[in-house]
Amino acid sequence: FPFPDSCTTTSGSHPSSCISLIHRSFILFCLSPGSLHARSRVCGASMFYHAYNSYLDNAFPYDELRPLTCDGQDTWGSFSLTLIDALDTLLVLGNRTEFERVASLLQDTVDFDIDVNASVFETNIRVVGGLLSAHLLAGRAGMELESGWPCSGPLLRMAEDAARKLLPAFQTPTGMPYGTVNLLHGVSPTETPVTCTAGVGTFILEFATLSRLTGDATFENVARRALRALWKTRSDIGLVGNHIDIVSKKWVAQDAGIGAGVDSYFEYLVKGAIMLQDEELLNMFLEYDRAIQNYTRFDDWYLWVHMHKGTVSMPVFQSLEAFWPGLQSLLGNLDSAVRTFQNYYSVWRQFGGLPEFYSIPQGYTVDKREGYPLRPELIESAMYLFRATGDHTYLQLGLDALESIERIAKTPCGYASVKDLRDHQLDNRMESFFLAETIKYLYLLFDPTHFLHGGGTEGDGSWEEGGEGGQCVLGAGGFIFNTEAHPLDPAALYCCSRHTQDRRELRDILINLSQHDRQSKQPTKETEGPAPESIALKPGEKKTPPPLSCPVQPFSARLSILGQVFSDNT
């Protein structure tokens, strides 16, 4: 949808009149007859700009908007969290001008060197993940890119700066991180060692991306160490609990399930395996999945059980569990995923949203857990399952979500969390994931040709050049969404790590050359003839390569004409 000419401002002040104009245009189109996909995308975009504009007008630079009182509050660290979380959604909706303006604004205003206690988990998925995604999408926004992008860039440096503030949390005897860290002073001496399972196992996507883009292996190494330590704590029947003491490795909460406190750990094992082509992560998940299917699955619901005994401890469905059908679809388990989705969708239809806890035996909400903070997980699964099956049932869920959120949660100043789905009382909070995830997944559900799905045709710019000399193909599909719906491009990781590997190989060749040259100049004793070399190795001996060998060049570094190979610099 074309943006008005008045939206081309790149000044520091936010163009609220421009965004209000867009919002009014979207409302008119959303209510008009036409294509279901087009109207639904426009409704989603209208929803985004109403919330986004309200945040900029009333809450920035605070972390979140309070939609009932039209003001802001800091929640997760005091770094304009909603703006960071919403940045890549702007580009998903096609608003390149605002994306570029906000990217520049964040570079000028956000400082991570502050005396604030921040959640290690939330800072990683929302801030580090949001900045990495915006960095990798910057080429599509038409921004001026540094030479060698995506292996360098200002947003990448911001993400690295934020991640370094989290590293002190991983300096534990086990390698499993503390849950909270002070961004200025590190981990407090009084910090509790108890954290949730997801708070240990939800780093490999962002930290591996950082390591492979920057060449600094520290981030990926600490994430892997934490994963391996957590893996060793599973019970004899193959399950993990909900909260663990990261120093003693003792389980504090022994309820095992796929919901709150555990969910994104399983998600990152699967997505990490896909993004990094890593069999270790996949094998971890498959072993967990066998135990999950054996002990927690009942009639295509997933209950909570005791991690050591496998006996049911909580027969409830949690809204955070709704990511599971989408995750199963990534592994090809469609039959199971479809049946579980239908169970969850039946709860949505009952209440017009997913309550935080739902009692399966009683078929109703759980006391003090009746709220719906506009979570994205069921919409996320609908997007994946629609992509996998083409079944329009999932589009119906999207339409239901659009209608419910507009009717129940909309206020003059944004969208409010639903405090109680039974009577639709509202809470004075709009979490940043509403803009980062819920609206993004709704939009992508109704846009099957979007570039994030690998859509488009040859020549329409659905892929990009990147790396040194533009030798890498980026953005050709296969984006991996982190648990905050920030898309990461595996091709960029390969591009930057390949260049790093090439430089290391060249360094090793030069070192070997110099060593061989020195050895050849040393005097040697004359012998009657060369001693015959035995082809048999002695016990424990390894065959060593000759001091100088010709490495195989990557295809992009050679040119063959009539059988003769020339390097780039020939």
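From a predicted model like this one, the values you see are computed outputs, not experimental measurements.
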Basic-acidic side-chain contact under 4.0 Å: Glu437, Lys440
no

Correct closest heavy-atom pair for Tyr55 and Asp63 would be CE1-O, 3.8 Å

Atom CG of Asp299 with >12 non-hydrogen neighbours under 6.0 angstrom
no

So do Phe99 and Arg140 actually touch side chain to side chain, heavy atoms under 4.5 Å?
no

Tell me whether Arg422 is salt-bridged to Asp420, with the criterion being a basic N under 4.0 Å from an acidic carboxylate O.
yes

Please report the shortest heavy-atom distance between Phe341 and Ser381, naming the atom on each side.
CD1-CB, 4.0 Å

State, without any angle test, whether Asp85 and His486 hold a side-chain donor-acceptor pair at a distance under 3.5 Å.
yes

Tyr443 ring center near Phe48 ring center (under 6.0 Å)
no

Ring centres under 6.0 Å, that's the criterion: do Trp324 and Phe317 meet it?
no

Tyr415 and Glu431 side chains, donor-acceptor separation under 3.5 Å
no

Hey, are Tyr345 and Gln396 close enough side-chain-wise for a donor-acceptor pair under 3.5 Å?
no

Under a 3.5 Å distance rule, please check whether Asp300 uses its side chain to pair with a backbone N or O of Asn343 as donor and acceptor.
no

From the options Arg375, Arg369, Lys419, select the one residue that forms a salt bridge (Lys or Arg N to Asp or Glu O under 4.0 Å) with Glu356.
Arg375

Tell me if the CZ atom of Phe386 is crowded by more than 12 foreign heavy atoms within 6.0 Å.
yes

Determine whether Arg66 and Glu64 satisfy the following criterion, salt bridge (charged side-chain N to carboxylate O under 4.0 Å, His left out), listing intermediate values before the conclusion.
CA-CA 7 Å; Arg66 297 205 303 172; Glu64 291 180 1; over 6 Å; no

Would you please say whether a donor-acceptor pair under 3.5 Å links the side chains of Glu484 and Asn482?
no

Side-chain donor-acceptor pair under 3.5 Å between Tyr268 and Glu206, yes or no?
yes

Quick one: NE2 on His424 to CD1 on Ile408, what's the gap to the nearest 0.5 Å?
3.5 Å

Any side-chain donor paired with an acceptor under 3.5 Å for Asn117 and Thr180?
no

Could you walk me through whether Glu98 and Tyr52 pass side chain to side chain donor-acceptor pair (under 3.5 Å), step by step?
CA-CA 11 Å; Glu98 182 68 358; Tyr52 178 78; 2.6 Å; yes

Working for ring-ring contact (aromatic ring centres under 6.0 Å, His included), residues Phe351 and Tyr372:
CA-CA 10 Å; Phe351 296 99; Tyr372 170 55; over 10 Å; no

With a 3.5 Å cut-off and no angle check, do the side chains of Tyr358 and Gln350 form a donor-acceptor pair?
yes

Minimum-distance pair of heavy atoms, taken over all atoms of Thr202 and Ala198:
OG1-O, 2.6 Å

Verify the distance criterion only: is there a donor paired with an acceptor across the side chains of Trp301 and Glu321 at less than 3.5 Å?
no

Which atoms form the tightest heavy-atom contact between Ala337 and Leu385, and what is the distance?
CB-CD2, 4.0 Å

